[in-house]
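FYI, the numbering just counts along the sequence from 1.
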Amino acid sequence: MAKQPKSLNGKLVVITGGARGIGKATTAALIRQGAKVAIGDLDLPTAQQTAQELGPNVTAFEVDVTNVDSFANFLQQVEEQVGPPDAIVNNAGIMQLGNFATEPHETARRQIDINLHGVITGTKLVIPGMVRRGNGHIINIASQAGKTGFPGGATYCAVKHAVVGLSEAVRGEVRGTGVEVSVVLPGIVNTELAAGVDEARGVKNQEPEDVANAIVKTLQYPRFEVHV
């Protein structure tokens with residue numbers, strides 16, 4: 001007998017970096033499933049525009065994922081205004097490519113702060129409430145770069161490897177609590193993030209909607225590692 005998908009109708013999903021790209025596409029896909037979405041983004045005006053565009057079940061908030069107080073305040077506002085999150089998608093990220101030896105230290109730190117510390121913070125902050133409620137799903141967006149290294153993306157590959165390892169370790173810690181942990185690994189996605197990145201030989205770039213559909217399916221049929 002086929003496994004029945006979890007219903008997302010009425011569920012609240014928090015998405016960081018939700019104003020555009022994968023975050024926006026995921027928000028739209030979730031709304032079609034009847035979910036409510038709270039999007040957090042550093043660019044509040046664009047997040048508000050996205051919320052207005054996608055309808056009354058989307059609420060926009062400002063968040064700086066590199067700042068623990070900002071992230072905690074964001075989640076508190078979500079809980080006060082919309083409710084406790086049933087799931088979080090730690091999606092906010094940047095990709096700055098170039099020769100590793102000449103990469104400015106500030107560029108490396110920025111990628112680590114957003115792509116790794118942001119995921120660590122978001123994951124850590126939602127766990128206590130989810131464990132207390134005995135239900136929740138944490139989805140961390142990594143990359144195929146989290147499984148292999150490629151020239152010109154050393155720091156990006158390093159942080160995405162870290163996101164995969166983090167997710168696997170946290171999954172073990174929350175096993176049996178009712179909290180699911182998943183890591184989603186897209187390839188090159190046609191967003192502002194990957195602007196100027198050439199398609200790999202023989203591999204077609206993905207669309208944000210491809211990743212969004214994978215995220216929705218992961219919420220419906222939870223599993224740990226999801227390759228898009």
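Here the side chain of Asn9 pairs no donor or acceptor atom with the backbone of Ala35 at under 3.5 angstrom. No donor-acceptor distance shorter than 3.5 angstrom exists from the side chain of Gln220 to the backbone of Lys6, with no hydrogens or angles considered. Under a 3.5 Å cut-off, the side chain of Gln206 and the backbone N or O of Val228 do form a donor-acceptor pair. Judged by distance alone, with hydrogens and angles left aside, the side-chain atoms of Gln144 form a donor-acceptor pair with the main-chain N or O of Leu185 at under 3.5 Å. Judged by distance alone, with hydrogens and angles left aside, the side-chain atoms of Asp41 form no donor-acceptor pair with the main-chain N or O of Leu44 at under 3.5 Å. Within the 3.5 Å criterion, the main-chain N or O of Asp210 finds no donor-acceptor partner in the side chain of Asn213. Put simply, the side chain of Thr50 never gets that close to the backbone of Lys24: no donor and acceptor are under 3.5 Å apart.
Each of Leu42 and Val119 belongs to its own hydrophobic cluster when Ile, Leu, Val, Met, Phe, Trp and Tyr are linked at side-chain heavy-atom distances under 4.5 angstrom. Hydrophobic clustering (ILVMFWY, side-chain heavy atoms < 4.5 Å, transitive): Phe224 and Leu166 are in one cluster. Grouping the Ile, Leu, Val, Met, Phe, Trp and Tyr side chains by contacts below 4.5 angstrom, directly or via other members, places Val164 with Ile94. Under a hydrophobic clustering in which Ile, Leu, Val, Met, Phe, Trp and Tyr are joined whenever their side-chain heavy atoms come within less than 4.5 Å, directly or via other members, Val63 and Leu116 fall into the same cluster. Val170 and Val68 fall into different hydrophobic clusters, defined by Ile, Leu, Val, Met, Phe, Trp and Tyr side-chain heavy atoms under 4.5 Å apart, directly or through other members.
Within the model, atoms CD1 of Ile88 and CD1 of Ile15 stand 10.0 Å from one another, a figure rounded to the nearest 0.5 Å. Summarising the geometry, atom CG belonging to Leu30 is positioned 7.5 Å from atom CD belonging to Gln33; distances are rounded to the nearest 0.5 Å. Expressed to the nearest 0.5 Å, how far OG of Ser182 lies from CG of Leu219 amounts to 7.5 Å. In this structure, OH in Tyr156 is found 8.0 Å from CG in Leu97, a value given to the nearest 0.5 Å. Taking NZ from Lys147 and SG from Cys157, the interatomic distance works out to 13.0 Å, rounded to the nearest 0.5 Å. Rounding to the nearest 0.5 Å gives a distance of 14.5 Å between OG1 of Thr27 and NZ of Lys36.
Between the side chains of Glu80 and Gln76, at least one donor-acceptor pair of N or O atoms lies under 3.5 Å. A donor-acceptor pair shorter than 3.5 Å can be found between the side chains of Ser167 and Asn140. A side-chain donor from one of Thr46 and Asp43 sits under 3.5 Å from a side-chain acceptor of the other. Side-chain contact of Gln96 with Glu103: a donor-acceptor pair under 3.5 Å is absent, judged by distance alone.
For the side-chain contact (heavy atoms from CB on, under 4.5 Å) with Val216, the lone residue among Leu8, Val211, Val13 that qualifies is Leu8.
For the pair Ile39 and Phe61, the minimum side-chain heavy-atom distance is 4.5 Å or more. Using a 4.5 Å heavy-atom threshold, the side chains of Val184 and Ile139 count as touching. At a threshold of 4.5 Å between non-hydrogen side-chain atoms, the residues Val65 and Phe74 do not count as touching. Put simply, the side chain of Val174 reaches to within 4.5 Å of the side chain of Thr177, judged on heavy atoms. No side-chain heavy atom of His137 sits less than 4.5 Å from a side-chain heavy atom of Val179. The shortest side-chain heavy-atom distance between Arg109 and His105 falls under the 4.5 Å cut-off. Using a 4.5 Å cut-off on side-chain heavy atoms (C-beta onward), Ile138 and Asn90 make contact. In this structure, the side chains of Val37 and Ile31 come closer than 4.5 Å at one or more pairs of heavy atoms.
Contact check on Asp86 versus Arg133 returns no salt bridge, with no Lys/Arg side-chain nitrogen under 4.0 Å from an Asp/Glu carboxylate oxygen. Using a 4.0 Å cut-off between charged side-chain N and carboxylate O, Arg171 and Glu168 make no salt bridge. Using a 4.0 Å cut-off between charged nitrogen and carboxylate oxygen, Glu180 and Arg223 do not count as a salt-bridge pair.
Evaluation of the side chain to side chain donor-acceptor pair (under 3.5 Å) test over residues 54-65, restricted to residues two or more places apart or in two chains, returns Asp64-Thr66.
Residue Gly93 comes nearest to Asn115 through the heavy atom pair CA-OD1, 3.1 Å, listed as atom of the first residue, atom of the second, then distance. Scanning all heavy atoms of the two residues, the minimum distance from Gly17 to Ala92 falls at N-CB, 3.8 Å.
Summarising the local packing, CZ of Phe150 is surrounded by more than 12 heavy atoms from other residues, nucleotides or ligands at distances under 6.0 Å. Surrounding CD of Glu79 are more than 12 heavy atoms belonging to other residues, nucleotides or ligands, all under 6.0 Å away.
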